[in-house]
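Encoded as structure tokens, the structure appears first; notes follow it.
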Amino acid sequence: MERLDTPVLDDHLHLDPRHGRGLDAVRDFARLGGTHLLVVNKPSWHLGVEADAGDDFRAVFEETLGVVSEASDLLDGRAWPVLGVHPGLVSRLVDERGMPPDAAADLMRAGLDVAAEYVREGRALALKSGRPHYEVTDAVWAASNDVLDHALALGADCDCAVQLHTEATTDLTGVAARARERDLDPARVVKHYAEPGLDGPTPSVMSRTEWVREAAERGEPFLLETDFVDDPDRPGAVMGPKTVPRRTRTLLEEGFDGAVRLAHVETPARVYGIDTEATLSR
């Protein structure tokens with residue numbers, strides 16, 4: 001297929017060379033015109049890590065860095081790692097391991113502290129955190145917000161973006177306020193799996209056709225993602241790696257050149273400080 005005359009960034013996907021498609025998914029993305037990836041580490045327990053201390057997350061982060069390096073070799077642009085602790089871990093710790101919510105939060109904060117080390121060293125681009133998207137007890141909700149606040153504070157300290165997995169909503173002005181309180185620009189807070197029209201953080205819009213078109217028509221800063229989970233036990237759970245290049249091609253065909261530049265050049269620069277044009281090898 002003919003290459004697209006623009007960088008094409010998938011803002012949030014996972015790669016699992018052990019259990020999933022791994023680099024074959026990257027090849028599919030590149031074949032359709034994709035150039036840049038933000039690869040988020042899979043939830044720690046999906047890689048067999050049942051953490052008891054912050055350093056236990058290093059195995060997850062190192063595995064992610066390894067596949068990101070290999071992915072970059074296959075792209076006309078490059079891939080970057082986004083590291084952190086999945087907010088769903090709190091339920092695994094509390095419900096399955098019997099931890100009190102505050103102890104679970106302590107462990108998750110320690111994992112984020114380790115992720116922040118990678119950002120400070122220049123080995124990772126951004127942090128990942130959030131809070132449960134499902135119903136939890138008041139104690140677990142409070143603990144989860146404490147973890148989220150810690151991630152936002154680390155983002156400010158590391159001068160990096162923070163991707164968030166949260167409840168489905170178009171109103172996260174409260175999260176934006178929490179970011180400001182910790183000296184982090186809300187524009188550098190990204191809601192992954194977002195709808196267009198999000199109030200508060202920057203939306204990383206899930207690449208459903210109607211959402212992509214709406215985001216393009218709004219003309220507000222946005223990113224595009226698939227949340228590809230790379231899990232053979234969950235085929236079709238979310239979108240495949242070809243989706244963002246395909247949606248971008250459609251936008252160009254429909255005359256949304258400005259929206260394409262906004263999603264793939266201007267917003268990534270504003271949020272992450274990356275230059276998707278300068279990092280193209282062609």
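Just so it is clear, the structure is predicted and the values come from calculations on it, not from any experiment. Note that the numbering runs from 1 along the sequence shown for the chain.
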Practice problem: Sort out for me which residue in Glu225, Lys128, His12 forms a side chain to side chain donor-acceptor pair (under 3.5 Å) with Gln163. | Solution: His12
Quiz item: So do the side chains of Leu75 and Thr35 get within less than 4.5 Å of each other, counting heavy atoms only?
Solution: no
Quiz item: Quick one: do the Asp171 and Thr173 side chains pair a donor with an acceptor below 3.5 Å?
Solution: yes
Quiz item: Can you check salt bridge (charged side-chain N to carboxylate O under 4.0 Å, His left out) on Arg18 and Glu63, steps first, answer last?
Solution: CA-CA 10 Å; Arg18 274 201 276 163; Glu63 185 161 340; 3.0 Å; yes
Exercise. Give, for atom CE of Met108 and atom OG of Ser129, the distance between the pair rounded to the nearest 0.5 Å.
Key: 6.5 Å
Quiz item: Would you find more than 12 non-hydrogen atoms of other residues, nucleotides or ligands less than 6.0 Å from Glu135 atom CD?
Solution: no
Quiz item: Hey, does the side chain of Asp230 reach the backbone of Arg21 with a donor-acceptor pair shorter than 3.5 angstrom?
Solution: yes
Quiz item: Would you say the side-chain atoms of Thr202 pair up with the backbone N or O of Ala187, donor to acceptor, closer than 3.5 Å?
Solution: yes
Self-check item: Test: Asp28 and Arg31 ion pair at under 4.0 Å
Solution: yes
Exercise. Work out which heavy atom in Pro201 is nearest to a heavy atom in Lys191; give both atom names and the distance.
Key: CB-N, 4.2 Å
Practice problem: Over all heavy atoms of both residues, which pair between Gly34 and Pro245 is shortest? Give the atoms and the distance, please. | Solution: N-CG, 3.7 Å
Practice problem: Check the pair Arg188 / Asp185 against salt bridge (charged side-chain N to carboxylate O under 4.0 Å, His left out), numbers first and verdict last. | Solution: CA-CA 6 Å; Arg188 304 197 75 191; Asp185 182 352; over 6 Å; no
Self-check item: Trace of the side chain to side chain donor-acceptor pair (under 3.5 Å) decision for Thr226 with Asp10
Solution: CA-CA 7 Å; Thr226 57; Asp10 188 331; 2.7 Å; yes
Quiz item: Taking the side chain as C-beta and beyond, is there a heavy-atom pair between Val238 and Tyr193 under 4.5 Å?
Solution: yes
Quiz item: Is there a side-chain contact between Tyr118 and Pro81 (heavy atoms, below 4.5 Å)?
Solution: no
Quiz item: Looking at Leu125 and Ile274, what are the two nearest heavy atoms and their distance?
Solution: CD1-CG2, 3.6 Å
Quiz item: When you check the side-chain N and O atoms of Asp233 and His19, is any donor under 3.5 Å from an acceptor?
Solution: no
Practice problem: In sequence, state the C-alpha distance, the side-chain angles, and the governing distance for Val175 and Thr166, and then conclude on side-chain contact (heavy atoms from CB on, under 4.5 Å). | Solution: CA-CA 10 Å; Val175 168; Thr166 76; 5.5 Å; no
Quiz item: Which distance, rounded to the nearest 0.5 Å, do you find between the CZ of Arg249 and the CZ of Arg246?
Solution: 10.0 Å
Quiz item: Any side-chain heavy atom of Asp227 within less than 4.5 Å of one from His14?
Solution: yes
Quiz item: Are the side chain of Thr243 and the backbone of Gly240 linked by a donor-acceptor contact shorter than 3.5 Å?
Solution: yes
Quiz item: Considering only heavy atoms from C-beta outward, does the side chain of Leu224 approach that of Asp11 to under 4.5 Å?
Solution: no
Practice problem: Tell me, with the steps shown, if Val85 and Val147 meet side-chain contact (heavy atoms from CB on, under 4.5 Å). | Solution: CA-CA 9 Å; Val85 178; Val147 174; 5.9 Å; no
Quiz prompt | Flag side-chain contact, heavy atom, 4.5 Å: Thr250 against Phe256 | solution = no
Self-check item: Basic-acidic side-chain contact under 4.0 Å: Arg97, Asp52
Solution: yes
Self-check item: Ion pair check, Glu96 and Arg92, cut-off under 4.0 Å
Solution: yes
Quiz prompt | salt bridge (Lys or Arg N to Asp or Glu O under 4.0 Å) partner of Asp149, chosen from Arg180, Arg178, Arg131, Arg109 | solution = Arg178
Quiz item: Side-chain donor-acceptor pair under 3.5 Å between Ser91 and Tyr134, yes or no?
Solution: yes
Quiz item: Under the salt bridge (charged side-chain N to carboxylate O under 4.0 Å, His left out) criterion, do Arg123 and Glu117 qualify, and how do the steps go?
Solution: CA-CA 9 Å; Arg123 301 177 67 198; Glu117 291 179 20; over 6 Å; no
Self-check item: Verdict with supporting geometry, Val8 and Val244, side-chain contact (heavy atoms from CB on, under 4.5 Å)
Solution: CA-CA 7 Å; Val8 176; Val244 167; 3.7 Å; yes
Exercise. Look up atom CZ in Phe29 and atom CZ in Phe228, then write down how far apart they are to the nearest 0.5 Å.
Key: 12.0 Å
Quiz item: Have His86 and Ser44 got a donor and an acceptor in their side chains that come within less than 3.5 Å?
Solution: no
Self-check item: Test item: Phe57 and Val49 side chains (from C-beta on) under 4.5 Å apart, heavy atoms
Solution: no
Practice problem: Give the C-alpha distance, both sets of side-chain angles, the deciding distance and a yes or no for side-chain contact (heavy atoms from CB on, under 4.5 Å) between Phe61 and Val114. | Solution: CA-CA 9 Å; Phe61 300 156; Val114 174; 4.0 Å; yes
Practice problem: For Lys42, check salt bridge (charged side-chain N to carboxylate O under 4.0 Å, His left out) against everything at least two apart and list the hits. | Solution: Asp16
Exercise. Determine, for Glu214 against Arg208, whether the closest basic-nitrogen to carboxylate-oxygen distance falls under 4.0 angstrom.
Key: no
Quiz item: Between Arg182 and Asp157, does a salt bridge (charged side-chain N to carboxylate O under 4.0 Å, His left out) hold up when you go through it step by step?
Solution: CA-CA 9 Å; Arg182 288 154 185 86; Asp157 183 67; over 6 Å; no
Self-check item: Arg270 side-chain N/O to Val265 backbone N/O, donor-acceptor pair under 3.5 Å
Solution: no
Practice problem: Taking all non-hydrogen atoms of both residues into account, name the closest pair between Leu15 and Ala71 and its distance. | Solution: CD1-CB, 4.3 Å
Exercise. Any chance you could measure Arg78, atom CZ, to Ser69, atom OG, to the nearest 0.5 Å?
Key: 9.5 Å
Exercise. To the nearest 0.5 angstrom, please state how far the CZ atom of Arg261 sits from the OG1 atom of Thr276.
Key: 8.0 Å
Exercise. Answer yes or no: are there more than 12 heavy-atom neighbours, outside Asp138 itself, under 6.0 Å from its atom CG?
Key: no
Self-check item: 4.5 Å side-chain heavy-atom contact, Val212 and Leu251
Solution: yes
